[in-house]
Amino acid sequence: TFKVTLAKSGQSYIIPSGVSITDALREYGVHIETSCEQGVCGTCYTKVLSGKLDHKDAYLSEEEKQSGDCMMPCVSRSASDDLVLDI
Ligand code: FES
C-alpha cells in the first residue's frame, strides 16, 4: 500500500497492494489511458515528480528506469510511501 498524489489536482489516493496504479485510480475516477496493461506497449507512460519507483515493465530503458522521472503505472509500483505523478 502506498499513496499516489496527482500534481495537477493535488489529490492523493491510496493504492492497495495487489491492485495496479491504473486500476486503483480508475476506481477513484481518474483515468490513465492503458492498452496492454502488461508493461510492454508504452500507452500508459507517465511522468513522475517524486518517489522511489519499483519498475516492473519491459518498456522503459534501463536509463529511463534509473532516472526515476517516468514510469508505466499499469504494472510498476512505488517503493516509497508516497509517489507524485505529473498528471
Ligand atoms: Fe501498456 Fe502500460 S498499458 S505499458
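Because the structure is a prediction, the values reported are computed rather than measured. Ligands are counted one by one from 1 in listed order, and the atoms in each one are counted from 1 as well. FYI, the numbering just counts along the sequence from 1. Computed over heavy atoms, backbone and side chain alike; hydrogens, waters and symmetry mates excluded.
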| query | How many protein atoms of type N/O/S are positioned less than 2.8 Å from atom 2 (Fe) of ligand 1? | reply | 2
| message | Which residue in the set Leu25, Leu83, Ile21, Asp57 passes side-chain contact (heavy atoms from CB on, under 4.5 Å) when paired with Pro73? | response | Ile21
| Derivation of the side chain to side chain contact (heavy atoms under 4.5 Å, CB included) call for Val19 and Glu27 | CA-CA 10 Å; Val19 182; Glu27 291 283 313; 5.9 Å; no
| said: Quick check: closest heavy atoms across Leu53 and Cys70, and the distance to 0.1 Å? | reply: CD1-O, 3.5 Å
Distance-only criterion, 3.5 Å: show the donor-acceptor pairs between side-chain atoms of residues 34-44 and protein atoms not counting sequence neighbours.
from, atom 1, to, atom 2, distance (Å)
Thr34, OG1, Arg26, NH2, 3.3
Thr34, OG1, Glu37, OE2, 2.6

| said: Could you walk me through whether Lys56 and Asp54 satisfy the side chain to side chain contact (heavy atoms under 4.5 Å, CB included) test, starting with their C-alpha distance in whole Å, then the side-chain angles of each, then the deciding distance to 0.1 Å, before giving a yes or no? | reply: CA-CA 6 Å; Lys56 295 182 183 291; Asp54 178 14; 3.4 Å; yes
| Out of curiosity, Thr22 OG1 to Met72 CE, how far, rounded to the nearest 0.5 Å? | 10.0 Å
